[in-house]
Amino acid sequence: MLPVAPALADLLPGAGLRRGSIVAVHHSTSLLFALLAEATVAGAWAAVVGAPSLGIVAAAEHGVAVSRLALVPQPGAEYQAVMAALLDGVDLVVTEPRSVRPDVARRLAARARHRGAVLLSLGHWPSADVELHCTPGAWTGVLEHGAGHLRSRPVEVHARGRGAAARPRSAQVLLPGPDGRISRGEKRVAAREEAVG
């Protein structure tokens, strides 16, 4: 199990990122960086493949230990080989799966499970173990007439998945919090009961 920030722990089975799992993060690079931060600070290695819009400065601002982060922004035709090599030797591998064929996605997921790596997808990934979605709130810190500094933003994070993550859960967090990192919001984590028809 790889550690995550306390604000996210109750959303994930085992309160962390289980080795060999696939986690899909929808529409939030801040949440993706929040997932990487605690693990890299604790000594895990991470790599980002095929996501040229994700930058090292943004990762550092969210608390990622960038000395333990490799970037492969444009793997081109070698995407599958690069992903396979990184899944063999890196703890967390992030990718943006816009044009990944379903058969390649299945092979990479099987490799992650076999090698004990965590595959983090910035967007939909077939048969993801956990899917995380964000509902953002209004920024705080702006004074009247548009002057001031943005300080924090409340976000509702929703988690659902398969197996131990089958029961949907949600948590109110600050992303970012006043210190620039993720922190707990005012509401506690809640498990949502599905209506049985």
Side-chain angles (χ1 to χ4, degrees), residues 1-42 44 46 48 51 54 62-64 83 87 90-98 100 102 105-138 152-177 181-197:
M1 197 68 71
L2 296 171
V4 295
L8 297 172
D10 291 337
L11 293 171
L12 299 166
L17 294 168
R18 183 178 50 81
R19 289 184 176 277
S21 66
I22 291 88
V23 178
V25 179
H26 297 274
H27 312 296
S28 179
T29 55
S30 294
L31 180 57
L32 176 72
F33 287 143
L35 287 168
L36 292 176
E38 197 78 15
T40 57
V41 167
V48 178
L54 298 185
H62 282 84
V64 176
M83 284 290 294
L87 289 168
V90 177
D91 301 299
L92 302 128
V93 179
V94 176
T95 191
E96 202 166 15
R98 283 183 248 183
V100 179
R106 280 192 302 276
R107 282 197 291 276
L108 293 174
R111 191 174 202 109
R113 288 188 173 103
H114 177 69
R115 299 295 191 181
V118 177
L119 195 158
L120 290 155
S121 171
L122 191 54
H124 174 74
W125 191 275
S127 71
D129 297 297
V130 178
E131 295 195 42
L132 299 171
H133 299 263
C134 286
T135 305
S152 64
R153 180 176 65 161
V155 173
E156 185 92 20
V157 180
H158 307 279
R160 66 169 189 228
R162 309 178 313 149
R167 190 165 145 199
R169 301 176 73 73
S170 64
Q172 182 83 23
V173 300
L174 295 175
L175 186 62
R181 311 258 167 88
I182 191 168
S183 60
R184 290 188 190 271
E186 295 167 9
K187 295 180 186 174
R188 303 304 267 169
V189 172
R192 295 184 314 221
E193 297 295 335
E194 296 294 311
V196 179

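For the numbers below, each heavy atom of this structure counts, side chains included, while hydrogens, waters and symmetry mates do not.
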>> To the nearest 0.5 Å, what is the distance between OG1 on Thr95 and CD1 on Ile22?
In response: 12.5 Å

> So how far is it from Arg113 CZ to Asp129 CG, rounded to the nearest 0.5 Å?
Replying inline: 4.5 Å

>> Please find the pair of heavy atoms, one from Val41 and one from Gly63, that lie closest to each other, and give the distance.
In response: CG2-O, 3.5 Å

>> Within this structure, what is the OG1-NE2 distance for the pair Thr135 and His158, rounded to the nearest 0.5 Å?
In response: 3.0 Å

> Minimum heavy-atom separation for Leu108 to Leu87, with atom names?
Replying inline: O-CD1, 3.5 Å

> Does Leu31 reach the side chain of Leu8, with side-chain heavy atoms less than 4.5 Å apart?
Replying inline: yes

> Under the 3.5 angstrom rule, does the side chain of Arg18 hit a backbone N or O of Pro13 as a donor-acceptor pair?
Replying inline: no

> Nearest heavy-atom pair of Leu92 and Ala39: which atoms, and what distance?
Replying inline: CD1-CB, 3.7 Å

> At their closest point, which heavy atom of Ala7 faces which heavy atom of Ser183, and how far apart are they?
Replying inline: CB-C, 3.6 Å

> Looking at Arg153 and Pro136, what are the two nearest heavy atoms and their distance?
Replying inline: NH1-CB, 3.5 Å

> Under a 4.5 Å cut-off applied to non-hydrogen side-chain atoms, are Val157 and Leu175 in contact?
Replying inline: no

> Would His26 and His133 count as a close aromatic pair, with their ring centres under 6.0 Å?
Replying inline: yes

> Can you tell if the side chain of Ser30 reaches within under 4.5 Å of the side chain of His62, non-hydrogen atoms only?
Replying inline: yes

>> Using 0.5 Å steps for rounding, measure from the CG atom of Leu132 to the CG atom of Leu35.
In response: 6.0 Å

>> Could you report the tightest heavy-atom contact between Leu119 and Ala112, atom names first, then the distance?
In response: CB-CB, 4.1 Å

> Quick one: CZ on Phe33 to CG on Leu120, what's the gap to the nearest 0.5 Å?
Replying inline: 11.5 Å

> Hey, mind stepping through Glu38 and Leu2 against side chain to side chain contact (heavy atoms under 4.5 Å, CB included) and telling me if it holds?
Replying inline: CA-CA 8 Å; Glu38 197 78 15; Leu2 296 171; over 6 Å; no

>> Return the CG to CZ distance between Leu12 and Arg169, rounded to the nearest 0.5 Å.
In response: 9.5 Å

